[in-house]
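Given the structure is predicted, the values throughout are model-derived calculations rather than measurements. Here, residue 1 is the first one in the sequence, and each next residue gets the next number.
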Amino acid sequence: MQRAGEAAYALACDQYPAAHHWLVLCGHGNNGGDGYVVARLAAATGVKVSLIACEGTRPLPPEADAARQAWLAAGGEIHPADAQWPAGIDLIIDGLLGTGLSTAPRAPYDALIEAANRSLAPVIALDIPSGLLAESGAAPGAVIRAMHTMAFIALKPGLLTGQARDWVGQLHQSTLGLSGWLAKQPAQIQRLTDKSLPQWLKPRRPCTHKGEQGRLLVVGGDQGFGGAIRMASEAALRSGAGLVRVLTHIEHVGPLLTARPELMVQPLKDDTLQQALDWADALVVGPGLGQGEWARNALKVLQASDKPALWDADALNLLALNPEKRQNRVMTPHPGEAARLLGCRTADIESDRLLAVRNLVARYGGVAVLKGAGTLIADDQGQMAITDVGNAGMASGGMGDVLSGIIGGLVGQKLSLYDAACAGCVVHGAAADRVAARQGIRGMLASDLLPEIPYYVNPELA
């Protein structure tokens with residue numbers, strides 16, 4: 001607890017060196033104990049500190065009680081939860097509720113959280129913003145809106161997925177001197193960033209040829225939806241696929257060949273489908289596919305293949321109507337599609353995204369990618385990862401089509417389904433971050449990501 005308080009105090013001094021009046025909010029638990037340590041350290045250096053604490057019916061945990069007594073012994077005062085807030089606050093330290101929370105905050109915590117959010121003073125959260133659920137990232141009630149969060153020891157899933165990005169602010173981590181111990185622990189959930197890419201994407205040997213880099217078949221693009229199939233297929237090329245063949249509605253053949261002559265494009269018909277399926281090493285099914293008879297007939301043929309495949313968009317909507325389990329498939333649903341696949345509400349998916357992605361794998365097999373802020377990847381062997389890349393500019397049409405193409409291209413290059421899903425999600429989000437750094441998030445187009453993809457599938461450039 002002393003180390004946690006020291007880490008948070010150092011962060012506060014670094015980020016807000018001019019703050020001269022801190023308000024520390026302490027709960028009746030170990031998170032509050034961290035707050036008492038921060039308060040004592042700040043007061044010892046001449047900072048004016050006001051402290052408000054919530055009292056409980058049970059005794060404080062011993063370490064937290066020791067931190068409280070040390071604050072009082074140093075001359076600190078403790079004000080009750082209903083006390084009037086002092087004027088001139090420069091900084092708020094949130095030590096109200098920690099990682100043990102499983103429901104919406106109750107009184108008086110909820111009122112203090114809402115008061116902190118109304119304040120103009122920035123907030124630093126200790127371990128996790130109060131009110132955010134550590135295991136899921138759900139926000140069932142009032143949640144502290146932090147500018148910075150200092151996580152202690154290991155990162156909690158709820159700091160990276162669910163509603164986390166609305167509340168966490170800039171995420172920092174201190175292992176509190178336990179780095180060596182942590183390195184020996186089995187990582188149940190892996191945090192993925194662009195620094196993770198070299199583990200999957202190795203340099204090519206100089207004498208390779210296009211046949212070794214995968215023959216990918218992309219199927220979709222019903223009448224009026226040529227953009228989806230074009231973005232998915234070009235993303236596959238940009239990710240390094242050796243050959244990409246597209247089967248689509250006949251009206252899209254000419255425009256796709258004109259826009260991207262490196263693609264092989266044919267109308268989707270029974271004979272071309274069987275021929276292309278025999279040719280391909282891997283499949284991407286769904287971008288712009290639609291749910292009509294044209295799509296259903298194609299999916300029936302593709303379902304019979306044992307080649308590795310990525311299913312997205314309307315392929316998933318059709319799968320939800322006729323569920324079947326297989327191990328050679330990556331599914332990439334957004335929360336609405338995941339809800340249809342699991343027969344529940346979108347709100348149920350978002351309330352516990354980790355449970356949802358596990359349920360997708362249990363019901364459908366293979367690898368599931370649950371898209372969103374903090375995309376989750378899971379497989380039937382128990383592996384799970386959370387991507388810590390991407391931004392709000394990705395809330396625009398076509399982003400999922402680009403992701404499908406990237407993952408499909410990597411599957412074609414012989415990455416395992418799980419590794420291709422992990423690497424593809426990181427490349428996708430990192431490319432969007434690169435676009436955002438150049439032009440901002442509003443107005444970002446899915447096609448803006450296409451020229452950025454090679455920068456991340458060649459990690460030696462990043």
Side-chain angles (χ1 to χ4, degrees), residues 137 159-166 168-171 190-201 227-241 260 284 286-288 310 312-313 330 332-338 350 353 357 369-377 385-411 415 419-462:
L159 291 168
L160 299 169
T161 193
Q163 302 301 305
R165 293 194 183 188
D166 279 346
V168 169
Q170 186 174 346
L171 181 59
Q190 188 180 7
R191 180 195 187 191
L192 305 180
T193 69
D194 59 341
K195 301 298 187 293
S196 309
L197 290 171
Q199 68 183 290
W200 305 298
L201 302 174
I229 198 73
R230 186 264 166 100
M231 286 186 286
S233 54
E234 181 169 345
L237 285 174
R238 297 287 188 179
S239 71
R260 184 52 58 207
V284 170
L310 180 139
D312 186 32
V330 179
T332 56
H334 58 56
E337 291 161 345
E350 291 292 66
R353 287 169 53 82
V357 77
V369 174
L370 181 55
K371 296 183 288 197
T375 290
L376 292 165
I377 305 105
I386 302 177
T387 61
D388 195 13
V389 290
N391 58 78
M394 301 172 79
S396 64
M399 288 291 176
D401 303 313
V402 172
L403 176 63
S404 295
I406 297 171
I407 296 175
L410 295 175
V411 171
L415 270 70
D419 287 352
C422 289
C425 288
V426 173
V427 168
H428 185 240
D433 288 340
R434 188 170 166 89
V435 173
R438 184 177 66 248
Q439 67 183 44
I441 59 174
R442 279 195 174 89
M444 185 186 297
L445 304 180
S447 56
D448 292 339
L449 275 59
L450 295 172
E452 308 298 343
I453 293 170
Y455 184 82
Y456 291 101
V457 294
N458 295 286
E460 64 272 16
L461 300 178

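For the pair V330 and I377, the minimum side-chain heavy-atom distance is 4.5 Å or more. Looking only at side-chain heavy atoms (C-beta outward), V427 and S239 stay at 4.5 Å or farther from each other.
Residues that satisfy the side-chain hydrogen bond (donor to acceptor under 3.5 Å, both in side chains) test with R165, not counting sequence neighbours, are absent from this structure. The salt bridge (charged side-chain N to carboxylate O under 4.0 Å, His left out) search around D312 returns K371, not counting sequence neighbours. The side-chain hydrogen bond (donor to acceptor under 3.5 Å, both in side chains) test applied to R238 returns E234, not counting sequence neighbours. For A235, the side chain to side chain contact (heavy atoms under 4.5 Å, CB included) test picks out V402, I406, L450, I453, with sequence neighbours left out.
Rounded to the nearest 0.5 angstrom, T161 OG1 and L376 CG are separated by 4.0 Å. Taking CG of L160 as the start and CG of L171 as the end, the distance is 6.0 Å to the nearest 0.5 Å. The structure places CG of L310 at 7.5 Å from CG of L403, a figure rounded to the nearest 0.5 Å. In this structure, CD1 on I407 lies 9.0 Å from SG on C422, to the nearest 0.5 angstrom. Between the CG atom of D388 and the SG atom of C425 there is a distance of 13.0 Å, given to the nearest 0.5 Å.
Residues A338 and P333 approach most closely at N-CB, 3.7 Å, considering heavy atoms. The shortest heavy-atom contact between A430 and D194 is CB-CB, 4.2 Å. The heavy-atom pair separating A313 from G286 by the smallest distance is CB-O, 3.4 Å. Across all their heavy atoms, S404 and T332 have their closest contact at OG-OG1, 3.9 Å. Residue S196 comes nearest to R191 through the heavy atom pair OG-O, 4.0 Å, listed as atom of the first residue, atom of the second, then distance. A pairwise comparison of heavy atoms in A241 and G409 identifies CB-CA, 4.1 Å as the closest pair.
Checking side-chain atoms of T193 against main-chain N and O of K195 turns up a donor-acceptor pair under 3.5 Å. Although no hydrogens or angles enter the test, the distance criterion places a donor-acceptor pair under 3.5 Å between the side chain of T387 and the main chain of T375. In terms of modelled atom types and a separation under 3.5 Å, the side chain of S396 and the main chain of M444 share a donor-acceptor contact. In this structure, Y456 contributes its side chain and H428 its backbone to no donor-acceptor pair below 3.5 Å.
Only one option out of H334, E350, R353, E337 pairs with L370 in a side-chain contact (heavy atoms from CB on, under 4.5 Å); it is R353.
Sorted by first then second residue, the side-chain hydrogen bond (donor to acceptor under 3.5 Å, both in side chains) pairs that include residues 432-446, not counting sequence neighbours, are N391-D433, R434-E452, R438-E452, Q439-D448. The salt bridge (Lys or Arg N to Asp or Glu O under 4.0 Å) analysis of residues 389-401, with sequence neighbours excluded, yields no pairs.
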